[in-house]
*Asks:* 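Pasting a structure here, questions to come.
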Amino acid sequence: MKKIQIINGPNLNLLGRREPVIYGSLGFDSYLEHLRTFFPDYDIQYFQSNSEGALIDKIHEVGFTIDGIVLNAGGYTHTSVALRDAIKAVDTPVIEVHVSNIHAREEFRHKSMISAVCKGVIAGFGLDSYRLAVGAFG
């Protein structure tokens, strides 16, 4: 059984309520149930924090023992050298995920500090970006 850790960063606890035109109207907990049904042979764990340090701690905690990390670092994607260093320091491959197409949004969202140290990047497919990322670990 593949072990996958989904890690969501700041403001993603508001999925389903925050800017539904951009992020959709479905909350992540509801989507997670669907995702687990879609991948019955995977152990999919979920963690969300608005704190950069907590995200780093979670990457360190799981980054040597599981098969993959799906990371939506939210706004930290564009600012955090510390998250980049945490991803680079662990053995587990990380896929960077975004619900929206960050390249079709504000200019400051076009640059990712973490992409270069991730296995890949999936953006713009709504919550289905997570399904595509989990499937990439197959």
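Atom set for the values below is all heavy atoms of this structure, side chains included, hydrogens, waters and symmetry mates excluded. What you see is a predicted model, and the numbers here were worked out from it, not measured in a lab. Residues take their numbers from the sequence shown, with the count starting at 1.
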*Asks:* Check for me, please, whether F28 and Y42 land in the same ILVMFWY cluster - side-chain distances under 4.5 Å, paths through other members count.
*Replies:*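 Yes, one cluster joins them.
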*Asks:* Identify the heavy atoms of T37 and P40 that sit nearest to each other, and give their distance.
*Replies:* O-CD, 3.4 Å
*Asks:* Supply the atom-to-atom distance I95 CD1 to I87 CD1, rounded to the nearest 0.5 angstrom.
*Replies:*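 The CD1 atom of I87 is 12.0 Å from CD1 of I95, to the nearest 0.5 Å.
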*Asks:* For T92, give me all partners under side chain to side chain donor-acceptor pair (under 3.5 Å), at least two apart in sequence or on another chain.
*Replies:* none
*Asks:* Between the main-chain N or O of G9 and the side-chain N or O of Q48, is there a donor-acceptor pair closer than 3.5 Å?
*Replies:*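 Flag set: sc Q48 to bb G9 pair under 3.5 Å.
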*Asks:* If I compare all heavy atoms of D91 with all of F64, which pair ends up nearest, and what's the gap?
*Replies:*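 Closest approach of D91 to F64: OD2-CD2, 3.2 Å.
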*Asks:* Where the side chain of Y76 meets the backbone of S51, is there a donor-acceptor pair that is under 3.5 Å apart?
*Replies:* no
*Asks:* So, does D67 use its side chain to make a donor-acceptor pair with the main chain of I4 at under 3.5 Å?
*Replies:* no
*Asks:* Consider only side-chain N and O atoms of S112 and E96, and report whether a donor and an acceptor are under 3.5 Å apart.
*Replies:*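 Yes.
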*Asks:* Check A116 against R84 and note the closest heavy-atom contact, atom names and distance.
*Replies:*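 Closest approach of A116 to R84, heavy atoms only: CB-NH1, 3.8 Å.
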*Asks:* Counting only N and O atoms by type, is there a donor-acceptor contact under 3.5 Å from the side chain of R36 to the main-chain atoms of I44?
*Replies:* yes
*Asks:* Say whether F47 and L12 are linked into one hydrophobic cluster, either directly or through other cluster members, by side-chain heavy-atom distances under 4.5 angstrom.
*Replies:*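 No, separate clusters.
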*Asks:* Linking I/L/V/M/F/W/Y whenever their side-chain heavy atoms sit closer than 4.5 Å, directly or via other members, would V94 and V97 fall into one cluster?
*Replies:*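 They do not share one cluster, since no chain of ILVMFWY contacts under 4.5 Å joins V94 to V97.
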*Asks:* Please say whether more than 12 non-hydrogen atoms of neighbouring residues, nucleotides or ligands are located less than 6.0 Å from NZ in K119.
*Replies:*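 Atom NZ in K119 is packed in, count exceeds 12.
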*Asks:* Quick one: do L71 and F137 end up in the same hydrophobic cluster if we chain Ile, Leu, Val, Met, Phe, Trp and Tyr together by side-chain heavy atoms under 4.5 Å apart?
*Replies:* no
*Asks:* Examine V90 and V117 and state if one hydrophobic cluster contains both, with Ile, Leu, Val, Met, Phe, Trp and Tyr joined whenever side-chain heavy atoms are less than 4.5 Å apart.
*Replies:* yes
*Asks:* Could you pull out every donor-acceptor pair under 3.5 Å between side chains of residues 54-63 and any protein atom, sequence neighbours left out?
*Replies:*
residue: K58; atom: NZ; partner: E61; partner atom: OE2; Å: 3.2

*Asks:* Which heavy-atom pair separates I114 from S80 by the least distance, and what is that distance?
*Replies:* CG2-O, 4.3 Å
*Asks:* Just verifying a value: how many Å separate D29 CG and L32 CG, rounded to the nearest 0.5 Å?
*Replies:*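 Separation between the atoms: 6.5 Å.
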*Asks:* With heavy-atom distances below 4.5 Å as the criterion, would you say the side chains of H78 and K111 are in contact?
*Replies:*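 Result no, sub-4.5 Å side-chain heavy-atom pair not found.
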*Asks:* When the side chains of residues 122-136 are checked against the rest of the protein, which donor-acceptor pairs come out under 3.5 Å, sequence neighbours left out?
*Replies:*
residue: D128; atom: OD1; partner: Y31; partner atom: OH; Å: 3.4
residue: D128; atom: OD1; partner: R131; partner atom: NE; Å: 3.0
residue: D128; atom: OD2; partner: R131; partner atom: NE; Å: 3.4
residue: D128; atom: OD2; partner: R131; partner atom: NH2; Å: 3.0
residue: S129; atom: OG; partner: H98; partner atom: O; Å: 3.1
residue: S129; atom: OG; partner: F125; partner atom: N; Å: 3.2
residue: S129; atom: OG; partner: G126; partner atom: O; Å: 3.1
residue: Y130; atom: OH; partner: N8; partner atom: OD1; Å: 2.7
residue: Y130; atom: OH; partner: N8; partner atom: ND2; Å: 3.4
residue: Y130; atom: OH; partner: N72; partner atom: ND2; Å: 3.1

*Asks:* Please give me the minimum heavy-atom distance between P10 and A73, naming the atom from each residue.
*Replies:*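 Heavy atoms only, the tightest pair is CD-O, 3.4 Å.
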